[in-house]
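Only one structure is covered here, and it is reproduced in the block below.
What you see is a predicted model; the values in this text were computed from it and never measured. Naming: A, B, ... by sequence-line order, numbering from 1 per chain.
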Amino acid sequence: MLKLYNSLARTPQEFVPIEPGRVRMYVCGMTVYDYCHLGHARVMVVFDMVARWLRASGYNVTYVRNITDIDDKIIRRAAEKGESIRTLTDRFIAFMNEDAAALGVLRPDAEPRATEFVPQMLDIIGKLERNGYAYAAGNRDVCYSVRKFAGYGKLSGKSIEDLRAGERVDVQEGKQDPLDFVLWKHAKESEPAEAKWDSPWGAGRPGWHIECSAMSSQLLGPHFDIHGGGQDLQFPHHENEIAQSEGAHGDTFVNYWMHNGFVRVDDEKMSKSLGNFFTIREVLKQYDAEVVRFFILRAHYRSPLNYSDAHLDDARQALTRLYTALKGFDGVAAVDWHEAHAQRFRAAMDNDFGTPEAMEVLFDLAGEVNRTGDAKAAAQLKALGGVLGLLQRPAVEFLQAAPASGMSNEAIDAQIAARIAAKKAKNFADADRIRDELKAAGIVLEDGPAGTTWRRA
RNA sequence: GGCGCGAUCGCAUAGUGGCCGUGCAACGGAUUGCAAAUCCGUCUACCCCAGUUCGAUUCUGGGUCGCGCCUCCA
């Protein structure tokens, strides 16, 4: 049975769905005004893995990952580029989808855009107002009165008093309390019509947190199983979501909160504000997308993940070992869950999505394939890899996958033919020269019983 | 200042109260015309100090160092 670490309880808990056999999961996705970076890649890959494992475990999963397509940065970026908000966000949504697909991330069941759920947001704000949690601030914003919500801080482990003590927040005009957050921002002259919606509180646009309360309750109901996102969203974003959703619906919002760890560069968080980020497409110019996915899944989802070329190179070598074992076994394979490796794999995954341990099983299987040539072990390796969204290509395709620049396959084949001729003539000096030249070009030749094959080093 | 996380073999990442981690790299051997791949073997780690225990890398307390959140951020 599955145990997962619940951020809310700060401890691993047995997973019990609200409705037997069914899982409803919501994950905070991207704000679409720029290319996705590796941090975004991690969220997408991690929760893709979670959804896959839940499905492999027999659950009927409804997975929603939202898209934030209206906020300060988007408005500013669109203005800078001299284009409409919609044009900007449409473009980056398309880029995001390309990146996700490359990384083997399956489409969530729904990818709602914030701008399409404004009525639902207004509905929640209305309920909050009637329940006494919302108030119209002096500057015509509508704010949430944090002190009115008894459970405030339960997710992040913060108390209102501590937050006040360490207060570094600019006190925005109109707020009754510095910790209050905005539900509805009143429209400003400078903002485009595209960023304004009518509301009972005047024209304006949604605050950051309200969209997730609205979209999740609309698509999954007011009470659902799993809510995920990056660790940096735990506070204030998720804390505020709880305050909004529970304040409006009077119901428990989410049973299990999951937060993935950061991607780091030189032991520092990779982030937009630090400017130390690598975009996914930047990295994909240098590394195969499956290597990146493998790299992400090789670490536990809650651990920090240090990014560097050396680590990606290492991941590439490791994945190469797996694919090398799969050479010659390119059939479609289903998992035999009764088999011992599969059971270890399951136990690892059931232990808070222990992908690093699950991968050890993959390497054990690879060793067995190499030792025995057992087709069943190879099939099991490929099938279990598939549960993680890995190892599904023909092995040769991975091993020969061309980097941006490199020798063409035709040129390589020609050289190999020349070498074979040289070997036949016992002209080993020429044969070795060809081997060395190819090696210098990043091509490794492997002479086997079935002839010469090659791969890219 | 408040709250939280982490410190494991050369590198990276798991995990466990006593016995096999795993990948990469390195070294030796087998194999190969030479290689590569593969196999066998070697290298046998757990920040420091106390405590609990027959026994701690694993539990408890203290310390040191690193990181994160408290502000937009996946």
The side chain of [X] is closest to which nucleotide in this list: [options]?
X        : options             : result
A/Thr31  : B/A74, B/A14, B/C11 : B/A74
A/Ala318 : B/G23, B/A14, B/C72 : B/G23
A/Arg419 : B/C3, B/G33, B/C69  : B/G33
A/His311 : B/C67, B/A12, B/C70 : B/A12
A/His40  : B/A14, B/A37, B/A74 : B/A74
A/Phe235 : B/C69, B/U22, B/C67 : B/C69
A/Val43  : B/A14, B/A74, B/G33 : B/A74
A/Glu360 : B/C69, B/G21, B/G23 : B/G21
A/Asp432 : B/C11, B/C34, B/C67 : B/C34
A/Arg264 : B/A14, B/G33, B/C67 : B/C67

Below 4.0 Å: OP1/OP2 of [N] and any side-chain N or O of [X]:
X        : N     : result
A/Arg298 : B/U22 : no
A/Arg435 : B/A36 : no
A/Lys423 : B/C34 : no
A/Ser271 : B/C72 : no

How is [X] classified with respect to the nucleic acid when contacts are heavy atoms under 4.0 Å: base, sugar-phosphate, or nothing?
X        : answer
A/His37  : base
A/Gly39  : base
A/Arg321 : sugar-phosphate
A/Lys272 : nothing
A/Ser273 : base
A/Lys426 : nothing
A/Asp447 : base
A/Arg10  : nothing
A/Val263 : base
A/Asn260 : base
A/Lys439 : nothing
A/Asn370 : sugar-phosphate
A/Ser159 : nothing
A/Gly448 : nothing

Report summary line: Judged by nearest nucleotide, the residue sitting upstream toward the 5' end of RNA chain B, A/Val444 or A/Gln317, is A/Gln317
Query - Earlier contact from the 5' end, RNA chain B, for A/Pro304 and A/Arg371 - result: A/Pro304
With [atom1] as the reference atom in both, quote the distance from [N] to [M] in angstrom, rounded to an integer.
N     : M     : atom1 : answer
B/C39 : B/A7  : P     : 30 Å
B/C47 : B/U8  : P     : 6 Å
B/A12 : B/C34 : C1'   : 33 Å

Report task. Decide side chain to side chain donor-acceptor pair (under 3.5 Å) for A/Glu282 and A/Tyr35; before the verdict, give the C-alpha distance in whole Å, the side-chain angles of both, and the deciding distance to 0.1 Å. Result -> CA-CA 10 Å; A/Glu282 220 173 341; A/Tyr35 296 108; over 6 Å; no
**Report entry** A/Ile74 and A/Thr89, any side-chain heavy atoms less than 4.5 Å apart
**Finding:** yes
Just the rounded figure in Å: distance from [atom2] of [N] to [atom1] of [X].
X        : N     : atom1 : atom2 : result
A/Asn306 : B/G68 : CG    : P     : 11 Å
A/Leu326 : B/U38 : CG    : P     : 13 Å
A/Leu319 : B/U22 : CG    : P     : 19 Å

Requested in this report: Going by the side-chain contact (heavy atoms from CB on, under 4.5 Å) test, name the single residue among A/Val291, A/Asp314, A/Asp288, A/Leu362 that passes it with A/Leu319.
Outcome: A/Val291
**Report entry** Check: A/Tyr26 ring centroid to A/Tyr63 ring centroid under 6.0 Å
**Finding:** no
Query raised in the report: Can a cation-pi geometry be assigned to A/Lys158 and A/Phe235, taking NZ or CZ under 6.0 Å from the six-membered ring centre and within 45° of the ring axis?
Result: yes
Query raised in the report: Does NZ or CZ of A/Lys272 fall inside the cone over A/Tyr33's six-membered ring, less than 6.0 Å from its centre and within 45° of the axis?
Result: yes
Any strand: nucleotide that pairs with [N] via Watson-Crick or wobble, under 3.5 Å:
N     : result
B/G68 : B/C3
B/C43 : none
B/G51 : B/C59
B/G17 : none

Query raised in the report: More than 12 heavy atoms of other residues, nucleotides or ligands under 6.0 Å from CG of A/Asp266: is that the case?
Result: no
Query - Side chain A/Arg42 and base B/A74 donor-acceptor under 3.5 Å - result: no
Query raised in the report: Between A/Phe428 and B/G33, do the rings stack, that is, sit under 5.5 Å apart with planes less than 30° off each other?
Result: yes
Report summary line: Separation between OG1 (A/Thr453) and CG (A/Leu399), nearest 0.5 Å, reads 8.5 Å
